Amino acid sequence: MTPSQKQKICWGKTWEVEMEAARRLRAMALLCRQTAALQPERSWKLLAEAEYWEHLAAAASAH
């Protein structure tokens with residue numbers, strides 16, 4: 001295997017790991033939004049937390 005091929009494999013794994021991390025972070029944001037719908041008294045805090053998770057997901061997938 002050439003160094004170029006090894007680099008492509010490494011990059012592919014890195015990309016997969018980053019996309020999985022972004023998917024999990026977006027799932028956390030969704031969970032916060034769903035909980036906010038069920039708990040209106042805490043919705044402001046949960047929606048802010050959802051925004052935080054989305055921000056982390058965007059940062060994870062931007063690399």
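Computed from a predicted structure; not experimentally measured. Side chains included, hydrogens not; waters and symmetry mates left out as well; all remaining heavy atoms used.
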Atom of Ala50, atom of Cys32 and distance for their closest heavy-atom approach = CB-CB, 3.8 Å

Looking at side-chain heavy atoms only, is the closest gap between [X] and [Y] below 4.5 Å?
X     : Y     : answer
Glu18 : Ser61 : no
Leu31 : Gln34 : yes
Glu54 : Arg33 : yes
Glu16 : Glu20 : no

Separation between [atom1] of [X] and [atom2] of [Y], rounded to the nearest 0.5 Å:
X     : Y     : atom1 : atom2 : result
Ser43 : Glu49 : OG    : CD    : 13.0 Å
His55 : Glu51 : NE2   : CD    : 9.5 Å
Thr35 : Arg42 : OG1   : CZ    : 7.5 Å

Evaluate whether atom CZ of Arg24 has more than 12 neighbouring non-hydrogen atoms of other residues, nucleotides or ligands under 6.0 angstrom away.
-> no

Does one hydrophobic cluster hold both Tyr52 and Leu46, with members joined at side-chain heavy-atom distances below 4.5 Å?
-> no

